[in-house]
Protein chains: 6
Amino acid sequence: MPHYNRILITGAAGRLGSQLRAGLAPLAGVIRLADREPLGPLAAHEEEAIFDLADMEATIATTEGCDAIVHFGGAPTEREWQVILDSSIRGSYHIYEGARKHGVKRIVYASSVHAIGFHEIGAHIPVDTPVRPDCLYGVGKTFVESLSRLYWDKHGIETACLRIFSSFPEPADRRMLWSYLSFADCVRLVTAALSAPFVGHTIAFGTSDNSVKAVDNSGAGHLGYHPQDSSEPFRAKVEASSPALDPLSPAGRYLGGKFCEMPHPDDEAKG
Amino acid sequence: MPHYNRILITGAAGRLGSQLRAGLAPLAGVIRLADREPLGPLAAHEEEAIFDLADMEATIATTEGCDAIVHFGGAPTEREWQVILDSSIRGSYHIYEGARKHGVKRIVYASSVHAIGFHEIGAHIPVDTPVRPDCLYGVGKTFVESLSRLYWDKHGIETACLRIFSSFPEPADRRMLWSYLSFADCVRLVTAALSAPFVGHTIAFGTSDNSVKAVDNSGAGHLGYHPQDSSEPFRAKVEASSPALDPLSPAGRYLGGKFCEMPHPDDEAKG
Amino acid sequence: MPHYNRILITGAAGRLGSQLRAGLAPLAGVIRLADREPLGPLAAHEEEAIFDLADMEATIATTEGCDAIVHFGGAPTEREWQVILDSSIRGSYHIYEGARKHGVKRIVYASSVHAIGFHEIGAHIPVDTPVRPDCLYGVGKTFVESLSRLYWDKHGIETACLRIFSSFPEPADRRMLWSYLSFADCVRLVTAALSAPFVGHTIAFGTSDNSVKAVDNSGAGHLGYHPQDSSEPFRAKVEASSPALDPLSPAGRYLGGKFCEMPHPDDEAKG
Amino acid sequence: MPHYNRILITGAAGRLGSQLRAGLAPLAGVIRLADREPLGPLAAHEEEAIFDLADMEATIATTEGCDAIVHFGGAPTEREWQVILDSSIRGSYHIYEGARKHGVKRIVYASSVHAIGFHEIGAHIPVDTPVRPDCLYGVGKTFVESLSRLYWDKHGIETACLRIFSSFPEPADRRMLWSYLSFADCVRLVTAALSAPFVGHTIAFGTSDNSVKAVDNSGAGHLGYHPQDSSEPFRAKVEASSPALDPLSPAGRYLGGKFCEMPHPDDEAKG
Amino acid sequence: MPHYNRILITGAAGRLGSQLRAGLAPLAGVIRLADREPLGPLAAHEEEAIFDLADMEATIATTEGCDAIVHFGGAPTEREWQVILDSSIRGSYHIYEGARKHGVKRIVYASSVHAIGFHEIGAHIPVDTPVRPDCLYGVGKTFVESLSRLYWDKHGIETACLRIFSSFPEPADRRMLWSYLSFADCVRLVTAALSAPFVGHTIAFGTSDNSVKAVDNSGAGHLGYHPQDSSEPFRAKVEASSPALDPLSPAGRYLGGKFCEMPHPDDEAKG
Amino acid sequence: MPHYNRILITGAAGRLGSQLRAGLAPLAGVIRLADREPLGPLAAHEEEAIFDLADMEATIATTEGCDAIVHFGGAPTEREWQVILDSSIRGSYHIYEGARKHGVKRIVYASSVHAIGFHEIGAHIPVDTPVRPDCLYGVGKTFVESLSRLYWDKHGIETACLRIFSSFPEPADRRMLWSYLSFADCVRLVTAALSAPFVGHTIAFGTSDNSVKAVDNSGAGHLGYHPQDSSEPFRAKVEASSPALDPLSPAGRYLGGKFCEMPHPDDEAKG
């Protein structure tokens, strides 16, 4: 007996969205897959919705009939302002308005380590530390964390903001030895957030059970997330191919890694 | 070589008391079993004492010759005021006076989640958070937590206040999926509190190693309690038979569950 | 235009009660004065109610028709257990039941420094620190602090628990140089608690604006209490007549002063 | 000798902007006044710039040649989403981009109590508590608080985010007895933020020295703001004309007052 | 009636020592003045002791017969290691050994802002924040703070560690506008530390009542120190003669000011 | 591929140093072993340096050519002041000067539980709690913790201060049941500190995974230390041969155990 009748997944064609498409199947009778791009052949329990999150009307319409939303859509990493504005800020507002108008009760949101990227690794911050974004992408994440807080406090819609660290097929550099979130653990984390008895407005960190713990996730214990993977099997390979980071550089000192040293994307865009 | 010569267990005929009767046997040469009701056939290492905690003289007399007291007696759940007053408040005072007069050095007290029942699940409170009882039964528990603090600070009697969550043969509803304390873990918890090298005045939460962690028990790490059971084996059964709780209702939002919505027991009593 | 139609003052014949009787007159159309002893000639705006707080029926009846209760009745200092039980514990329960049954919306309670008397002076504790009572009288105060928390969380009755330090005509010893609460400041504190726009469940410390600050009252800033007196005018007299306290003794080290060294009152009673 | 060569004030024609136009004159050689509406006759030390914050190019151009920006432009209170988006979110981004491109070193931003409006009055929150906006207007404020954090951490631009409570000619209701910020104190607060030796990224609360203190502003002590006004002179008038708030209602319990009960503005807009 | 029979002041010929020599006269029958240099003509209530703190035997001997020690001797600012070692570390150990051997009960120690100089101004640290010295002089101060903690916990000798900020005739630069401690306030601070009823082991910050508050001294409220001076009268002069500090430089960002940028003194010594 | 070219181990002939000599071999091409005593036959990857840490020139010279230092030299337990001064204080200063002059980037320092020995067991302190040394040896440890903080903040040299609890072949008494650090876990802890991607200035507690947890090590999670041993296998033996400690005595109540009751070593030395 699944927890939900119909879950909407945004960004369903993306790197993580496609993992969730498969992994969340047991949780709902129907999975509605949303993206700007076609989603390939659909399984019997799948529906698709092709639209842009910047389109308010389409976005709101797509939320109708859903019990829960797994909101992984929007810009996948640092982008110029106009992209962050349209996809992360405007698009997420549309999602929350859809939830409010159509009675969706719980949203699981893909926030990011880049919402708190300028905190020092050694500070071992808990989940309720004030935000310190390291880029516009991170600012967009903090916008949704704040917006969703309002929709819980005022409109009674639960949200789990999952601050995804580095979710890739495998760790690609030294930093990912502590920031790695395996795809399987990502599915476990979203599953926990969908299944937990009480979410209210929760912020959680998303990493695997790596040896080095850079943050304190205990404040999200009520989600019941227990990672089962680790970066350790990849250590030798990573250490052989990727240099150590200078602890005096922003990239080596802060949670956000090289994002803390990235130039402003609007300058890049013009270059 | 047991830790104690003689342990007194109050409430020894109760749901948990009878578990402790069996489980604590290795810790003492003699177990003195106290209750208002007869306790059945006694083993060689057992003594019995039948009396009412509201009887000061009898209670104090019963503590004589004991090294430690496991105080699980008193009202087992919400009751009208007169019962809470007589059994939990007056009865516990009698126990502490007995300990003081007869040189008992350590007490393990069955406090309850209902001493902090109005804290939100998502707040993940540590053990030293101010109390927020959810019923008269919970107020009675906070009275003993405060009284025992005095008896440590002033009279040098150690107490471990164990805030028992939901200790039943198995989890009976969705809330118990995170609040469950198996009988075996309950015995482990009391054993730890009796065996720890230093207790002073300690407050600890009592749950099994359930997947969802609603509170932060790290401040009681010096007890050395390590639960080994979990509610997971019961999840399917519970989810099939018990509805999800509304996160906007007190029963779904606060640690105390439905106790947060119970009417006043003195109104009930008259109804 | 007074804030209240009718305020009930318990303990109205006591040291502080008689100050409040005069000082709170501007706040209500009628002041109902309660005590076990006669209260002398009544002014036009005064009513009297003579009864014992241990009498549940009489206590509840007396609360009828009141908007607010200033609960300063009960044992005035350390007493043997039976007195604390009857007056502070049972009596206060009767008051809260009266408030619940008769729709009283706000209670101002005379708690005490002895609810937190075993905290060290140098710890500069804030108002939300866990209790550490220094005597049975202090345990009684913590009982009411806990009970009133329940009546706010569950029954919507506001309470300001005012932890009175040393409210006497003038400071009588060295400790009172920092713990002194002038009678006029005591009236200001209760007036603030009755007038504040939001109280919910608030704990506040009650001292005058003495030079030495042993605790941190900032967490009660929403009461709007601003002491205007100080122990300084009495310093020379006190230092001449009263010896310094040993900082290594409980009386010199902890907030509760000599109460931290008092023998158990039930032993005293029998002596 | 003024602190700055040229200060830009946005929203200069507004309620607070017009106060700052006069009050900040001593701090700069030139004050550049920006608004969508004409600003009336200019003094010798004044310049004007008429444009819409939603116009990126115009906004960035206007920041050129300025040492500091006092950013009080944007939606003045709750508005439908499109207005918040254009004026508060997009407009503020344009201001920060202007600052970055033109080397402006310090910005003073008019944030609001509505960024933290869902915190309880009695919680007495410090300045570094996580945000809890009570409306879209408040969400817009939190966006700028987050954006400005990035521009300090990454681009070295200082910002003082001043959470203005209720800045009106006089307190208009009971809540404003504690939330009131006189116009003169508002000028003092902005002056302090412009004059402080170190700002980095600072969040401060903006109220006058009212009797009731609902929040803890000590974490912004390095701004050197010392209010000199109070709501007390208006108390009698306000209490006579405005009803007390129910402490059980959101408007009576939370910092944001009636904003916590406002319907969603997009529903309103359609009504 | 003075508080003490005989107070020993070390560093009595120094900038602050000579202020204390005059200012502390009311507190003791005899003031014993210690320094390496002659102290000029002695008043009737004064004694002198000329020796080097590095001389253990002489230092211990000098403490005999004293009730209290005001320990302001040792290196007055950053010095090469050998000087810090001999005067601040070894010399202070000798003082504490003297106190232990001769029954001195309270010591007031001149610690320094340089014990916590690498904390950020905006962090508004309380007195119990971990140390972050900004130079060897600051490390020496933290050594004595730690040593004195031991002598309280184990040997019952009280110490107030006063972290002096900038105590000069007047503020000499922009930083001192917030770090200034007038000579009169310095005397008030030491007087408070000598007069407070309980000190135990207390750490306090020493500044005047300057407009900008860079740290949180509330945790030392039990000393009863109330500064009465301010840097404001000197503001115009200082701002005219001293440039603003760059908030991005260590000197502008951290409490220690230019000490945070000083080269290592042993390099200097060799230059 | 080892992490380092050459690691210097001080105190290499000592109880823990000899364990590290063997255990750290995989981490560096060359291990330079330093002690006052000869170190026995050297392996191919080993170098030796025989000198006294009190000799500044020799100590600094020995650090040349090293990438990392594992500083376990100095007094191994409580000693008279002159020994602590020469070996722990002066000797450690020499090590840090060597690191600064020769570009060593990371130091792992053997701090001790005795740096925080006067904190209560039940307080479950985190790693950033202010120090409370229990003896001169502990004061020496806090000196190096402070010194190394300066060398990170100002000179960019990373240090992990490992507060070793009780590292012996096996637990020797009841206290060691919770304070035990097996030799293998000690090697794991140092290895983690040498391998962690970011250390900055980190303080960590060093115990095995014993059942009783007396402190909170989560703040050092970024070291990636995971103990694999426990005192449990030794429990029966220890409990049979070693008495329980009185929880009212310093030795039973505080982290430092019997060190909290030790007489002053300089008295001992003279006895």
Side-chain angles (χ1 to χ4, degrees), chain C residues 1-5 26-28 67-68 99-100 103-108 124 126-129 145 148-149 151-162 185 188-189 191-205 213 216-228, chain D residues 113 117-127 129 165-166 171 173-180 205 207-221 227 230-232 234-258 260:
Chain C
M1 196 178 56
H3 275 67
Y4 296 97
N5 291 322
L27 287 166
D67 303 297
R100 187 173 71 87
V104 179
K105 282 306 182 194
R106 186 176 292 184
I107 297 178
V108 177
H124 209 71
V127 295
D128 61 354
T129 300
E145 290 187 358
S148 56
R149 178 86 240 183
Y151 276 73
W152 165 243
D153 281 334
K154 198 167 204 170
H155 304 298
I157 300 170
E158 293 187 295
T159 295
C161 296
L162 309 179
D185 278 341
R188 284 183 193 105
L189 176 55
T191 299
L194 286 167
S195 311
F198 176 82
V199 163
H201 187 265
T202 295
I203 291 176
F205 297 126
K213 317 281 186 211
D216 173 3
N217 209 13
S218 62
H222 55 287
L223 293 190
Y225 166 58
H226 301 281
Q228 296 178 22
Chain D
V113 64
F118 261 111
H119 283 286
E120 200 172 284
I121 292 172
H124 209 71
I125 58 167
V127 295
T129 301
F165 276 52
S166 303
D173 59 25
R174 298 271 185 132
R175 175 173 167 272
M176 290 195 197
L177 289 178
W178 58 259
S179 65
Y180 177 59
F205 297 126
T207 72
S208 283
D209 185 25
N210 306 317
S211 181
V212 164
K213 316 282 186 209
V215 289
D216 173 3
N217 209 13
S218 63
S230 162
S231 63
E232 283 307 299
F234 306 96
R235 177 177 293 278
K237 180 177 169 189
V238 167
E239 292 189 346
S241 64
S242 147
L245 290 165
D246 179 359
L248 291 169
S249 71
R253 185 166 190 163
Y254 298 115
L255 290 174
K258 64 186 176 189
C260 296

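Below, read A as the first sequence line, B as the second, and so on, with proteins coming before strands; counting in each chain starts at 1.
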Trainee: Is there side-chain contact between F165(D) and V215(D), with at least one heavy-atom pair below 4.5 Å?
Mentor: yes
Trainee: For K105(C), give me all partners under salt bridge (charged side-chain N to carboxylate O under 4.0 Å, His left out), at least two apart in sequence or on another chain.
Mentor: none
Trainee: Just verifying a value: how many Å separate D246(D) CG and R253(D) CZ, rounded to the nearest 0.5 Å?
Mentor: 10.0 Å
Trainee: Heavy atoms only: give me the nearest V212(D)-P197(C) pair and the separation to one decimal.
Mentor: CG2-CD, 4.0 Å
Trainee: Do the side chain of R106(C) and the main chain of E158(C) share a donor and acceptor less than 3.5 angstrom apart?
Mentor: no
Trainee: Kindly give the heavy-atom pair with the smallest separation between Y254(D) and G117(D), and that separation in Å.
Mentor: CB-O, 3.2 Å
Trainee: In terms of heavy-atom proximity below 4.5 Å to chain C, should R175(D) be classed as side chain, backbone, both, or neither?
Mentor: neither
Trainee: Exactly one of T191(C), D67(C), L27(C), L194(C) should register a side chain to side chain contact (heavy atoms under 4.5 Å, CB included) with H3(C). Which one does?
Mentor: L27(C)
Trainee: Quick one: does N210(D)'s side chain have a donor or acceptor within less than 3.5 Å of a partner on S231(D)'s backbone?
Mentor: yes
Trainee: How long is the span from the CH2 atom in W178(D) to the CZ atom in F198(C), to the nearest 0.5 Å?
Mentor: 10.5 Å
Trainee: Specify which of S211(D), A214(D), G252(D), A244(D) makes the most heavy-atom pairs with chain C at under 4.5 Å.
Mentor: S211(D)
Trainee: Quick check: under 4.5 Å, non-hydrogen atoms only, which of residues 217-227 of chain C neighbour chain D?
Mentor: S218(C), G219(C), G221(C), H222(C), L223(C), G224(C), H226(C)
Trainee: Using the salt bridge (charged side-chain N to carboxylate O under 4.0 Å, His left out) criterion, which residues pair with D209(D)? Sequence neighbours excluded.
Mentor: K213(D)
Trainee: Which residues in residues 118-125 of chain D have any heavy atom lying under 4.5 Å from a heavy atom of chain C?
Mentor: E120(D), I121(D), G122(D), H124(D)
